[in-house]
Structures are given as C-alpha cells and as structure tokens.
Amino acid sequence: MALVLRLQRRADFLRAARLGRKWAMPGLVVQAVATPPARARDDTLRLGFTASRKVGGAVLRNRAKRRLREAARLILVPRAEPGYDYVLIGRPQTVDRPFTALLQDLQTALKRLGRYRSAEGGQAPAEPSENGTRTP
RNA sequence: UCAGAGGGUCGGAUGGCCGCGUCCCCGCUUGCCGGGGCCGAGGAAAGUCCGGGCUCCACGAAAACACGGUGCCGGAUAACGUCCGGCGGGGGCGACCCCAGGGAAAGUGCCACAGAAAGCAAACCGCCUGCCGAAGCCCCUCGGGGCAAGGCAGGUAAGGGUGAAAGGGUGCGGUAAGAGCGCACCGCGGACCCGGCGACGGGGACGGCACGGUAAACCCCACCGGGAGCAAAACCGAAUAGGGAUGGCACGCCGCAAGGCAAGCGGGUUUUCGCGCCGCCGUCCGGGUUGGUUGCUUGAGGCGUCCGGCAACGGGCGUCCCAGAUGAAUGGCCAUCCAUCCCCCGCAAGGGGGAGGACAGAACCCGGCUUACAGACCCUCUGACGCA
C-alpha cells in the first residue's frame, strides 16, 4: 500500500486547484495533480481535505472533513494511484449523504480522473461491505 | 389532582469492528516505522459585551484637565457593569417578579398637539359687585322707576373646556361671587426625638400649602479607568536576491579630468554587430521570508469532608491531574436499549411496524454577563379543589 502524507500547506492546495484535474459528485469534489518532482516518490500519495463556509458552520465543516477522511481511508488510500496529490472538497451534501453513497461518489470520481486502480498486487478489493468494515 | 412560582442536575447509554491526536513504555529493518497503554470538547466550547492574569509598547512621581464608564445601602471578590443580603417604588390573592433607583431650592434648556395660559403666575367661556346703559320690553300716581342686550372699572378661580401635567383632595361652614378664608379627615413640607453601620423606618411640635415634569437634555457630585493583544511575545533559521565588513588574485591603453577604447562575464555553441554588468573567488556579520521551537496548559483548579457566615463566600484537611490540535485530533459503520414522534390492530389491557436524536466543536488561561437549545429528572414553595 502507498505511503500517505497529509497536505498541510496552503500553497499545495492552491497548486492542486490551479493545475489539477477536477471531478464533482453530489457528495464531494476530487482534485488530482501530480506531486511536484522535488517531493514525489513512487510509493507515496499526498492527501488533503477542505470544506468551505458554504457547507455550514464549524460543526458541519468539521463533520464533513471527518467523513471525507474516513471515505478516503476506505477507498482512496488502497486504490488511488501514487505520485499524485489528491484534494477532497466537502459540499453541503457531504454531511447528510448516506455513507455508502459517499464511498461510491469517491470511487466514481477517481475512475473519472483515471487514477483508480482495480485490485492488483494481491490486494483485496476494498468494496464497502454492509457493516462498513474492511475485511483484512 | 389541577394551575403556578423559585432553584438545581443532566443533556443519550452499553457493546462490537475499523480508525485519529498528545504523552508514556517496548521493539527493531532508526522512519513521516511497528506494537502496547493512559487520556481526549461544552453548558453554553458561541457572541466577544464587561472584569482580571500574562506579553509587548508608551511612561520619572503625583495631581489637575479632557474623554469614557459606573451610579439606593451594606457585604463578597484578584476584579467587575457580576454575585449575596437588605432598603425604596411598582405588579400579583399568593409563592414571587420587575426597576437606567445619586442630585431638579448650583445653573441653563425643553415641555409637541390641544389649550386663554406650560412655569410665573396669569384669566378664554363663566360667576359676582359698582357705574353707564342709545334701541327693546314691563310698571306707572306721566315726574319717573324697573328689567335688560351691551360698554367701562373691579373682585374671583367654584363650574365649563384642553392636556401626560393647570398651583393640594373631599366635605361642611363661609361669601356679593369665591378662595385654606375657617374647620374636619386625607395628602404635603417639617425643627426635633427614637431605632438602624447604612439605604431607610417610626413618631412628630409647627406650617394653611409654599417647592410641576424632564438628568436614556446639557450639567453637577462621588468612584473607577494608559494602549494593544497569543496572528501578543521570545528563540532557531534553508535556498535565492540584495546590504555591510574583510582576505586573496587581477587592476591594460588614451586623457589633467569627465569620459572613451580594449579585455572579462551574461543568453545551447561559433563569428560579427547591438545590449547589459563593471572586477573574480572566498570568509564573516546584520536584517529577514517559507518553515520550525517555545509561549501551551498546575490553575483565583476539580472532587470529598469539616468549620465560620442568613447568604454570596472564606478557611482547614484529604485526594486527583482532568484535551492541547495547528489545512487544525476527539471519527465511520453496526447492534441492542432509554427518551420522543408517527401508523396499524384492539372497547381496553396490550401487541405489531416505522421514523429518529436540541443548540452546537476547545485554539493562551481564568471570573461573569448575554444569546441559542429537543427533551429528561430532582428539590423547595404558593393558590384552588378533594380526602383524612
């Protein structure tokens, strides 16, 4: 599995917004851009989350980011192509949308961006199961 | 039981799987590593409205002035605009609730509309007295007399009318009509006496009554107050450009100088021309951005208990360590249960099914205030009705 770093600098977010490809789904928006060469490694992907005031107050914004983090843990981390920066953007529906639908949104968006790898290298498919847990 | 008043507590619970953050321990393949353990949002974490701590800036001390704030009394407190106990006024049958509650004989201003008049006494319609009284009416002993519209002078403030407010109220006496003019009761002022630390309360000689309201109008009085805020502030400090100091090397030709020429360097390479730079290499210093570290959580601290106090609160003893993130941890999913709501069956007891968690997320830390909030529970008290 790829090593995951968290995007922590404003500059990285702005770069992803400016240079990256974007795909929107009802539950979220995904931006993807190749990691800058200076920091890029084959086995590493970088990940960031954001939710603007449009989503709601502090409670709703934080909740949206937490749900996005959990969705990314289940879908994006095992399946997304390394060497890229991914930014997941919260939308108003991120908070209310059923979690399984949110997972589906993320998977679809990654496919549309061409950064979704089907199961390879002996890794188990990370289809969301009914109880929301991953089979080891 | 119903209706109501005051105060307090909580604000989903338990379990399973997977995850996140600080700290601690262990391991190695020392890394943005793996494993384990403890702890991990609120009563308002919110608004940022007051009061402090802390930090920096300014500043010799103190006072005055200006500006701002506070404003019944006493107490609590680090402090407060907060809290507690009282006082006064208003509301409620009551438990209780509400009050921007200092000064209006220090001065100035204002009092809309209406009204004659809004602050100093005045008088519009009236009422009363005296004098005059042409026209008119009545009487007559024919001389005149009376009534009276009206006019002049004066006395009044009872009645009418306006207003939020009109110079005490009601009644009796009194009077030409009236009037504290006199009297009774009520109200008001009030020397002084008593009680209270005090706000204030009780009594009250005497005074026929004078002194309207407004200080969320200026103002006066008393007390309090430097400014900015953790993005405060301190430290470390890469790369690049630029600044200063210094060491080594280089420093040609013309010209007194200004300057010119040549050489060197710059853009993939070479030549020519044009343009730009005026040395090249090294060391050190200061400033300083991205970033990092500290500040950063042990504190006017929580809990228990005893003592003092009506209480706010204070004191003693014991015990506990209780979030520290920084693109920002405290989450995702599932099951059961507890509230709550809806639907169906049933006369009912009850049964079945479904929906589904209020307001809201720490960001330096405390004390308050204010605002938001589904619902649940507890205590004390009041008024009805009923029972004993």
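Chain letters run A, B, ... following the sequence lines, proteins first, then strands; residues in each count from 1.
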Spacing between Leu47(A) atom CG and G327(B) atom C1', to the nearest angstrom: 12 Å

Whole-Å C1' distance, A372(B) and C321(B): 33 Å

Mate of G68(B) where both pairing distances stay under 3.5 Å, Watson-Crick or G-U: C224(B)

Under 3.5 Å on both distances, the Watson-Crick or G-U partner of G187(B): C209(B)

Between G276(B) and G292(B) - C1' atom distance, rounded Å: 41 Å

Spacing of Ile75(A) atom CD1 relative to C18(B) atom P, expressed in whole Å: 18 Å

Any strand: nucleotide that pairs with G154(B) via Watson-Crick or wobble, under 3.5 Å: C128(B)

Face-to-face stacking of Phe49(A) with G327(B), centres under 5.5 angstrom, angle under 30°: no

Chi-based syn or anti call at C322(B), which uses purine or pyrimidine torsion atoms and a 90° bound: syn

Pairwise C1' distance, A231(B) and C98(B) [rounded to whole Å]: 45 Å

Spacing between Leu7(A) atom CG and G327(B) atom P, to the nearest angstrom: 11 Å

Atom pair distance, as rounded to whole Å: CG in Leu88(A) and P in G327(B): 17 Å

Pairwise C1' distance for C303(B) and A388(B), with rounding to whole Å: 46 Å

G237(B) and G60(B), which share atom name C1', separated by this distance in whole Å: 40 Å

Row check, Phe49(A) ring normal vs Lys65(A) NZ/CZ: under 6.0 Å, within 45°: no

Complement of G304(B), any strand, by Watson-Crick or G-U distances under 3.5 angstrom: C317(B)

Whichever of Gly48(A) and Pro98(A) has its nearest RNA chain B nucleotide further upstream toward 5': Gly48(A)

Nucleotide of A328(B), A360(B), C333(B) approaching Arg6(A) most closely (side-chain heavy atoms): A328(B)

Atom-pair distance (CD on Glu70(A); P on G332(B)), nearest Å: 8 Å

side-chain N/O Arg63(A) vs G332(B) OP1/OP2, d < 4.0 Å: yes

Side-chain donor/acceptor of Tyr116(A) to backbone N/O of Glu81(A), under 3.5 Å: no

Separation of G332(B) P from Leu106(A) CG (nearest whole Å): 17 Å

Rounded P spacing from G103(B) to G227(B) in Å: 31 Å

Nucleotide paired to G383(B) in any strand shown, Watson-Crick or G-U, under 3.5 Å: C2(B)

G190(B) versus G195(B) - spacing of their P atoms, nearest Å: 22 Å

G60(B) glycosidic torsion: syn (within 90° of 0) vs anti: anti

Separation of G331(B) P from Asn62(A) CG (nearest whole Å): 10 Å

Polar side-chain atom of Thr94(A) near backbone of Gly27(A) as donor-acceptor pair, under 3.5 Å: yes

side-chain hydrogen bond (donor to acceptor under 3.5 Å, both in side chains) against Asp85(A), all qualifying residues, sequence neighbours excluded: Thr35(A), Arg46(A)

Exam field: side chain Arg67(A) to backbone Gly90(A), donor-acceptor pair closer than 3.5 Å: no

Mate of G182(B) where both pairing distances stay under 3.5 Å, Watson-Crick or G-U: C172(B)

Nearest-angstrom distance, P atom, A176(B) to C193(B): 48 Å

Residues in side-chain hydrogen bond (donor to acceptor under 3.5 Å, both in side chains) contact with Arg69(A), at least two apart in sequence or another chain: none

Nearest to side-chain heavy atoms of Arg66(A), which nucleotide of G327(B), U330(B), C333(B): U330(B)

Chi-based syn or anti call at A79(B), which uses purine or pyrimidine torsion atoms and a 90° bound: anti

Selected nucleotide, minimal atom distance to Arg73(A) side chain, candidates C18(B), A41(B), G327(B): C18(B)

Base orientation of G143(B), syn vs anti, 90° cut from 0: syn

Conformer about C1'-N of U297(B) - syn within 90° of 0, anti elsewhere: syn

Watson-Crick or G-U wobble mate for A376(B), both contacts under 3.5 Å: U9(B)

Touch class at under 4.0 angstrom, heavy-atom based, for Arg61(A) against every strand present: nothing

Closest-nucleotide 5' rank along RNA chain B - winner of Leu60(A) and Lys65(A): Lys65(A)

Nearest non-hydrogen partners of Ala64(A) and Val95(A), listed with the distance: CB-CG2, 4.1 Å

Partner nucleotide of C296(B) by Watson-Crick or wobble geometry (both distances under 3.5 Å): none

Euclidean distance, atom CZ of residue Arg67(A) to atom P of U330(B) [Å, nearest integer]: 14 Å

Ion pair Arg73(A)/Glu70(A), N-O distance below 4.0 Å: yes

G19(B) phosphate, OP1 or OP2, under 4.0 Å from Arg69(A) side-chain N/O: no

